[in-house]
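Comments concern the structure below.
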Amino acid sequence: MNISQAKEEIKHAISAYLGKDESGNYILDERFCRPLLLMGAPGIGKTAVMSQIASEMGINLVSYTITHHTRQSAIGLPVVREVTFDGKPYSVTEYTMSEILASVYKSIEETGISEGILFLDEINCVSETLLPTMLQFLQYKTFGTHKVPRGFVIACAGNPPSYNRAARDFDIVTLDRVRRLDIDIDINVFFEYAVKARLHDAIRAFLDIKKDYFYRISADVNETSFVTARSWEDLSEMLKAYERNSYPVTEYLISEYVEDTQIAAAFFDYYRLYQKYNTRFAVGDILKGSYRQGGDEITNAPFDEKLSFLHLLSDALGNRFYSYHEERQAQENLLSTLKAQKESLSSDDFAREKEHFDSLEDRRQEEIDLTGDMLENAFLFLDKTFGEGQEMLLFLTSIGRDPYAKEYLAECSSESYNKYSKILMLDQEYSSIRKEIADLKVLE
């Protein structure tokens, strides 16, 4: 399964584990609440998805990379106590509460929420001294002599030994007590995430052309090279920071994140091409409807350059759609607050908050009008430049897979978007057009 499918499966498991009856008692016996074990290549989002799940489900998340811990920090320190059995005193060894379990109880205390996820990463890379403790933890949900609270679901992640020399396979006894989810690499899931997270468009455009460069790990005795989803996301943030500060983007910078010489060089060449088109074609003027030059140069350009231009255009619009989303979200949050506090606010305070709400509504309407005009101008330029060809179809597809664009179009209909979508029969034609493009080998 891919990481998106795994996310849904994990949410279903947590809902089942934490389901309660009418009396507020957990329905499922704790014996059947198996720890979740996510196994997959590094950098594909196993850790990030746990944070998303906890946030969406309104529960706690306590996360540790277990390889950073010793046996003592994981299970606690030994303490000798005196107990009495059959009237005779005996000295027995118990353990203080481990740092990990203490963090679980601390999260409950701080949030007032008694349920959550205890997530341990790199579970199959622990040292030999810590391994028995981890196996005990997976089988019995305890650290030393202390048990994980019932309301916390245990989730772990690890890399297959093929990716990590320190990793080891679990035996059947252990695997028979966990729910193992094998996570596959899926670039389509990454694209969905990249659009929503507003990753740098040069990266999205590059990987749209060079899909086989999305993820690669090569390790031999002479050299280790790799690029992962994490590599691209971290590079995206640094590219944005460099551009904000007008710092030069060099191949050295790229290679610090993309540790594969071939892919780093290819992306650097593409980034320079992307920047060239960003300078040569004033996308801002196109969206304002003030672009006066002809489109002959881009019309006759190689397909990969056309695709770069289309990404520039759709990314600029994507920023407008995201801006509208933020304005709408701010307005909805204020409306919820006003409804909740209406009775407690004085008439003057309520009037001020209402005035603020009205100003947000005015700004939202401005965003609707401005974004709508930009979208119409983009379609006008594309129609004059490409007509109703594959370029228009790819632009429509790019807009259609942007969740913020969908949000905008659901509320603010676009005449041109509806017109061209209908003409080109987007859903039916997309796969055949992409196949034709692949047959032309322009994406190799």
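Atoms considered below: every heavy atom in the structure, side chains included; atoms not considered: hydrogens, waters and symmetry mates.
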Side-chain donor/acceptor of Tyr417 to backbone N/O of Leu375, under 3.5 Å: no
pair Ile113-Ile108: side-chain heavy atoms closer than 4.5 Å: no
Other residues, nucleotides, ligands: >12 heavy atoms within 6.0 Å of Lys276 NZ: yes
Spacing of OG1 belonging to Thr228 relative to CD belonging to Glu233, to within rounding of 0.5 Å: 9.5 Å
Spacing of OG1 belonging to Thr111 relative to NZ belonging to Lys106, to within rounding of 0.5 Å: 12.0 Å
Any donor-acceptor N/O pair, Trp232 side chain to Ile203 backbone, under 3.5 Å: no
Tyr247 and Tyr242 aromatic ring geometry - parallel, tilted or perpendicular at 30°/60° bounds: perpendicular
Neighbour count above 12 (heavy atom, 6.0 Å) for Glu109 CD: no
Note, Pro42 side chain near Tyr215 side chain (heavy atom, < 4.5 Å): yes
Donor-acceptor contact present, side-chain Ser255 to main-chain Tyr252, <3.5 Å: yes
Evaluation steps, side-chain hydrogen bond (donor to acceptor under 3.5 Å, both in side chains), between Gln365 and Glu361: CA-CA 6 Å; Gln365 289 299 327; Glu361 174 60 19; 2.9 Å; yes
Salt-bridge criterion met for Asp373 and Lys288 (N-O under 4.0 Å): no
Asn2 side chain vs Asp186 backbone, donor-acceptor pair below 3.5 Å: no
Reported CD1-to-CD1 distance for the pair Ile185 and Ile44, which is rounded to 0.5 angstrom: 6.5 Å
Any donor-acceptor N or O pair under 3.5 Å, side chains Asn418, Ser413: yes
Expected output: side-chain Thr371 to main-chain Ile368 donor-acceptor under 3.5 Å: no
Under 3.5 Å donor-acceptor, Asn245 side chain and Ala241 backbone: yes
Minimum side-chain heavy-atom gap Asp402-Tyr408 below 4.5 Å: no
Side-chain donor-acceptor pair present, Glu376, Ser414, cut-off under 3.5 Å: yes
Plane angle bin for Tyr404 and Tyr322 - parallel if under 30°, tilted between 30 and 60°, otherwise perpendicular: perpendicular
Ring-ring centroid check Phe395 Phe379, cutoff 6.0 Å: yes
Donor on one side chain, acceptor on other, Asp121 and Thr47, under 3.5 Å: yes
Interatomic distance, Leu118 atom CG to Lys141 atom NZ [nearest 0.5 angstrom]: 12.0 Å
Carboxylate-amine/guanidinium contact Glu115 Lys20, below 4.0 Å: yes
Ring pair (Phe, Tyr, Trp, His ring centres under 6.0 Å) between Phe381 and Phe309, worked out: CA-CA 12 Å; Phe381 178 86; Phe309 168 74; 5.8 Å; yes
Tyr213 ring center within less than 6.0 Å of Phe267 ring center: no
Nearest-0.5 Å distance that lies between atom NZ in Lys240 and atom CZ in Arg198: 7.5 Å
Side-chain donor/acceptor of Arg204 to backbone N/O of Leu199, under 3.5 Å: yes
Lys/Arg N to Asp/Glu carboxylate O, Glu327 vs Arg364, below 4.0 Å: no
Arg150 to Tyr26 six-membered ring, cation-pi geometry met (6.0 Å, 45°): yes
Min side-chain heavy-atom separation Phe119-Ile154 under 4.5 Å: no
Tyr420 and Asp383 side chains, donor-acceptor separation under 3.5 Å: yes
Carboxylate-amine/guanidinium proximity below 4.0 Å for Glu192 and Arg401: no
Qualifying residue for side-chain contact (heavy atoms from CB on, under 4.5 Å) with Ile263, from Val227, Ile254, Asp212: Val227
Lys/Arg-Asp/Glu bridge criterion (N-O < 4.0 Å) met for Glu407, Arg328: yes
Side-chain heavy atoms of Leu382 within contact of Leu310, under 4.5 Å: yes
Tyr64 versus Ser103, side-chain donor and acceptor atoms under 3.5 Å: yes
Residue pair Glu9 / Arg179, side-chain heavy-atom distance below 4.5 Å: yes
Phe152 CZ to Leu101 CG distance, which is reported to the nearest 0.5 Å: 10.0 Å
Residues Tyr324 and Glu411: side-chain donor-acceptor under 3.5 angstrom: yes
Under 3.5 Å side-chain donor-acceptor pair for Glu237 and His200: no
